[in-house]
Amino acid sequence: MYIKNLLQFIDQSVTLSGWAANKRESKGLVFLVMRDGTGICQCVVDESKVSPEIFAAASKLTLESSFTLTGNVIKDERQTGGVEVQVTDLKVFQYAMDYPIAKKEHGIEFLMDNRHLWLRSQRQWAIMKIRNTIIFAIHRFFQQEGFVEMDAPIFTGNACEGTSNLFETDYYGDPAYLSQSGQLYGEAMAMAMGKIYTFGPTFRAEKSKTRRHLSEFWMIEPEMAFYDIFQNMDLIEKFLQFVIGEVLKANQPELTIIERDTAVLQTSLDTFPRLTYDEAVAIIKGEKDVNGKNSIKTLEEDLKVIESSILSTQAEITERETKIAQPGIKKGEINFNQNKIAQLKSSLKDLEEQQRNIPQWLESARTFKYGNDLGGSDETVITRLFDKPIMVYDWPHEVKAFYLKRNPEDPRFARGVDVLAPEGYGEIVGGGERETDEKLLIDKINEHELPMEAFEWYLDLRRYGSVPHAGFGLGLERIVTWICGLKHVRESIPFPRSYGRLLP
RNA sequence: UCCUUGAUAGCUCAGCUGGUUAGAGCGAGUGACUGUUAAUCACUAGGUCCCUGGUUCGAGCCCAGGUCAGGGAGCCA
């Protein structure tokens, strides 16, 4: 029996096993908030209805103690889940002593140190449920579309794209690197199977400390024979909309728990705007408006809004601090105000950080040099003007990976495409049509100073039945982060691995 | 690697211009209360003020170096 099914057992006796998420006590009554992994439910132990031993056992329960209980399910609209259980029997597995995560605000370092326990909290639980929906939806979409799942190797003999820093390991005495992408292997498999996708871990040894980076993350890389860049973009759009739609269908309770405003997810079910690199640059530099919105002006207005909310937040903190310093004030009111002040202070820190960052972003947008890749701040600047993901394609070939196909009509550009999520989230997908011309590919490999012998097998794909083909890579944690509206990728994966973080 | 912010009780934070014995709330423990929603009320315990050195009659506060963490840049999904 699980909590999620209780509505079907009104006025019946059930047995549940789980943990104490909270406990409140009153004379003669113990209110246990039980969680069992499928949901939470208030269970009431009434002294007059159970044996003294059971009541004493319930009264002693601490946060995250484990127990099993039997009781009658009562309909009660006031409770989350709409039901309450009136306990008739209780057996404790273990009394948990001094559970570290308290019923209050905690700092991020403390929570990350306790990630193994933090996962039990409602918000993290909801995020993991949504992550699960997304993973399952990805597999279902590709399977429905006739794709074959393949596993690319994790050990690789060389830095395959020659860009990022890779993790080096010892492979029977020779250096081997943890894979930063399965794409090249995906291309080989696509020539065997037609349409394939990989779903596996990816490693980048970048010393990045930002809200969008992890050292280890999960990537989905489809590759399709006989697809050009436009068919690729059609597929990306259909795919992302399927995933978003599945979350909207399956996870309304979870989206409510994490307080996600789903309006932007709804609008994302409409056609994604497709911009060329040239158009995107004009928008970032403020030379071209989007729906009446100008990038530079929007940023300047944001800065003003932030400055005024800093002032009002500071004023409220001072006001509440004065209030609790007055003599004769009730303890409950001090408690309430202190918690409020702690919240205000942490949002003040965020605001001040934005206040420091926005001028840098403005500067970077104003002075953007045509021909460069978009930086993190440029992505933030442009995506805040849209209410759905956008696709940017036809990039200057110098800034993109060696394997991207040159636009035959304008060889200055490569047929890459990046999907940028709205609300400032930035790149969630990178892909494109692949170069099929062996000679152009050899030139590119030399240009990037990559070891030719390591790419002989890859060049074989162009020697034996070369066909137009395309594909893309989706960062799982990035899309979870955007769909959930999280502030940081580290909340999107059970045990994040980032620079300086290997435990727990 | 660079820029920037920070480190005080188990947790979240105060601590003024350097000045006597470092504070609050939460959490924990004890007691009170018959329906609570982070319950409420009273009491109790709880400190290497990140580390090393310096300035000073005196350092949680000032200076130098370091460690760790947050945010950003670069790089990327």
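Letters A, B, ... mirror the listed sequences (proteins, then strands); counts begin at 1.
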Inset, instruction - Ignoring hydrogens and angles, answer whether the base of B/C76 and the side-chain atoms of A/His213 contain a donor-acceptor pair closer than 3.5 Å. - result: yes
Legend entry - Residue-phosphate contact under 4.0 Å: A/Arg490 side-chain N/O, B/G70 OP1/OP2: yes
Legend entry - A/Arg356 side chain near B/G72 phosphate (N/O to OP1/OP2, under 4.0 Å): no
Inset, instruction - Classify the angle between the aromatic ring planes of A/Tyr370 and A/Tyr277 as parallel (below 30°), tilted (30 to 60°) or perpendicular (above 60°). - result: perpendicular
Legend entry - Span that lies between the P atom of B/C3 and that of B/U21, in whole angstrom: 41 Å
Inset, instruction - May I ask you to say what A/Gly426 touches in the nucleic acid, namely base, sugar-phosphate or nothing, with a heavy-atom cut-off under 4.0 Å? - result: nothing
Inset, instruction - Would you please confirm or rule out a distance under 4.0 Å between OP1 or OP2 of B/G71 and any side-chain N or O of A/His488? - result: yes
Legend entry - Length of the CD-C1' vector between A/Glu206 and B/U1, whole Å: 11 Å
Inset, instruction - Give A/Gln360 one of three labels, base, sugar-phosphate or nothing, depending on what nucleic acid heavy atoms sit under 4.0 Å from its own. - result: sugar-phosphate
Inset, instruction - For B/U1, give its Watson-Crick or G-U wobble partner with both distances under 3.5 Å, or none. - result: B/A73
Inset, instruction - Assign each of A/Met97 and A/Glu109 to its nearest nucleotide of RNA chain B by heavy atoms, then name whichever residue's nucleotide is nearer the 5' end. - result: A/Met97
Inset, instruction - Find the partner of B/G35: check Watson-Crick (N1-N3 plus N6-O4 or O6-N4) and G-U wobble (N1-O2, O6-N3) distances, both under 3.5 Å, and reply none if neither fits. - result: none
Inset, instruction - For B/A7 versus B/G47, give the span between their C1' atoms, rounded off to a whole number of Å. - result: 15 Å
Inset, instruction - Tell me what A/Leu214 touches on the nucleic acid: a base, only sugar-phosphate, or nothing, going by heavy atoms under 4.0 Å. - result: base
Legend entry - Separation of B/A77 P from A/Leu166 CG (nearest whole Å): 12 Å
Legend entry - Spacing of the P atoms in B/C50 and B/U56 (rounded, Å): 23 Å
Legend entry - Donor + acceptor pair across side chains of A/His139, A/Tyr197 (<3.5 Å): yes
Legend entry - Pair assignment for B/C62, Watson-Crick or G-U wobble, requiring both distances under 3.5 Å: B/G54
Inset, instruction - May I ask you to test the A/Arg204-A/Phe217 pair for a side-chain heavy-atom distance under 4.5 Å? - result: yes
Inset, instruction - May I ask you to say what A/Val489 touches in the nucleic acid, namely base, sugar-phosphate or nothing, with a heavy-atom cut-off under 4.0 Å? - result: nothing
Inset, instruction - Examine B/A77: is either OP1 or OP2 under 4.0 Å from a nitrogen or oxygen in the side chain of A/Arg478? Give yes or no. - result: no
Inset, instruction - On RNA chain B, check which nucleotide each of A/Glu477 and A/Ile108 is closest to and give me the residue with the more 5' one. - result: A/Ile108
Legend entry - Test item: A/Ser295 side-chain N/O and A/Ile284 main-chain N/O as donor-acceptor pair under 3.5 Å: yes
Inset, instruction - Would you mind classifying the nucleic acid contact of A/Lys345 as base, sugar-phosphate or nothing, using non-hydrogen atoms under 4.0 angstrom? - result: sugar-phosphate
Inset, instruction - Report yes if a side-chain nitrogen or oxygen of A/Lys349 is closer than 4.0 Å to either non-bridging phosphate oxygen (OP1 or OP2) of B/U5; otherwise report no. - result: no
Legend entry - Pairing of A/Lys60 and A/Glu53 as salt bridge, 4.0 angstrom limit: no
Inset, instruction - Tell me what A/Arg501 touches on the nucleic acid: a base, only sugar-phosphate, or nothing, going by heavy atoms under 4.0 Å. - result: nothing
Inset, instruction - Could you tell me which nucleotide pairs with B/G6 by Watson-Crick or G-U wobble geometry, both distances under 3.5 Å, or answer none if nothing does? - result: B/C68
Legend entry - Donor-acceptor pair under 3.5 Å, A/Glu353 side chain vs B/U5 base: no
Inset, instruction - For the residue pair A/Pro273 and A/Lys388, establish whether any side-chain heavy-atom pair is separated by less than 4.5 Å. - result: yes
Legend entry - Whole-Å P distance, B/G29 and B/U36: 23 Å
Inset, instruction - Using a heavy-atom cut-off of under 4.0 Å over every strand shown, decide if A/Gln355 touches base, sugar-phosphate, or nothing. - result: nothing
Inset, instruction - Using a cut-off of strictly less than 4.0 Å, decide whether A/Asn22 has a side-chain nitrogen or oxygen near OP1 or OP2 of B/A39. - result: yes
Inset, instruction - Rounded to whole angstrom, note down the C1' distance from B/C13 over to B/C51. - result: 23 Å
Inset, instruction - Ignoring backbone atoms, test whether A/Lys23 places a side-chain nitrogen or oxygen under 4.0 Å from the OP1 or OP2 oxygen of B/A39. - result: no
Inset, instruction - Pick base, sugar-phosphate or nothing for A/Leu474, based on heavy-atom distances below 4.0 Å to the nucleic acid. - result: nothing
Inset, instruction - Answer with yes or no whether A/Gln354 presents, from its side chain, a donor or acceptor under 3.5 Å of a partner atom in the base of B/G71. - result: no
Inset, instruction - Specify the separation, in whole Å, of atom CE of A/Met219 and atom C1' of B/C76. - result: 10 Å
Inset, instruction - Under 4.0 Å between any heavy atoms, over every strand shown, what does A/Gln122 touch: base, sugar-phosphate, or nothing? Just pick one. - result: nothing
Legend entry - Separation of atom CZ in A/Phe368 from atom P in B/G74, rounded to whole Å: 10 Å
Inset, instruction - For A/Phe31, answer base if it contacts any base atom (sugar-phosphate contacts may also be present), sugar-phosphate if it contacts only those atoms, and nothing otherwise; contact means non-hydrogen atoms under 4.0 Å. - result: base
Legend entry - Carboxylate-amine/guanidinium contact A/Asp418 A/Lys400, below 4.0 Å: yes
Inset, instruction - Just call it for A/Thr202: base, sugar-phosphate, or nothing, with non-hydrogen atoms closer than 4.0 Å on any strand. - result: nothing
Inset, instruction - Specify the separation, in whole Å, of atom CE of A/Met34 and atom C1' of B/U36. - result: 18 Å
Legend entry - Pairwise P distance, B/C57 and B/U1 [rounded to whole Å]: 40 Å
Inset, instruction - Look at the side chain of A/Ser377 against the base of B/G72 and say whether a donor-acceptor pair falls under 3.5 Å; ignore hydrogens and angles. - result: no
Inset, instruction - Compare all side-chain heavy atoms of A/Thr198 with those of A/Asp151 and state whether any distance is below 4.5 angstrom. - result: no
Legend entry - Gap in Å between the two C1' atoms, one belonging to B/G46 and one to B/A59, rounded: 25 Å
Inset, instruction - Starting from C1' on B/G71, measure out to CG on A/Leu348 and report it in whole angstrom. - result: 14 Å
Inset, instruction - State plainly whether the residues A/Lys304 and A/Glu301 are in salt-bridge range, i.e. N to O under 4.0 Å. - result: no
Legend entry - Donor-acceptor pair (no angle test) under 3.5 Å: A/Glu352 side chain, B/G6 base: no
Inset, instruction - Hunt down the Watson-Crick or G-U wobble partner of B/U44, both distances under 3.5 Å, from any strand shown, or write none. - result: B/A28
Inset, instruction - Name the nucleic acid region contacted by A/Arg212, choosing base, sugar-phosphate or nothing; use a 4.0 angstrom heavy-atom cut-off, strictly under. - result: base
Inset, instruction - Assign A/Trp361 to base, sugar-phosphate, or nothing according to its heavy-atom contacts below 4.0 angstrom with the strands shown. - result: sugar-phosphate
Legend entry - C1' gap between B/U17 and B/C61, integer Å: 10 Å
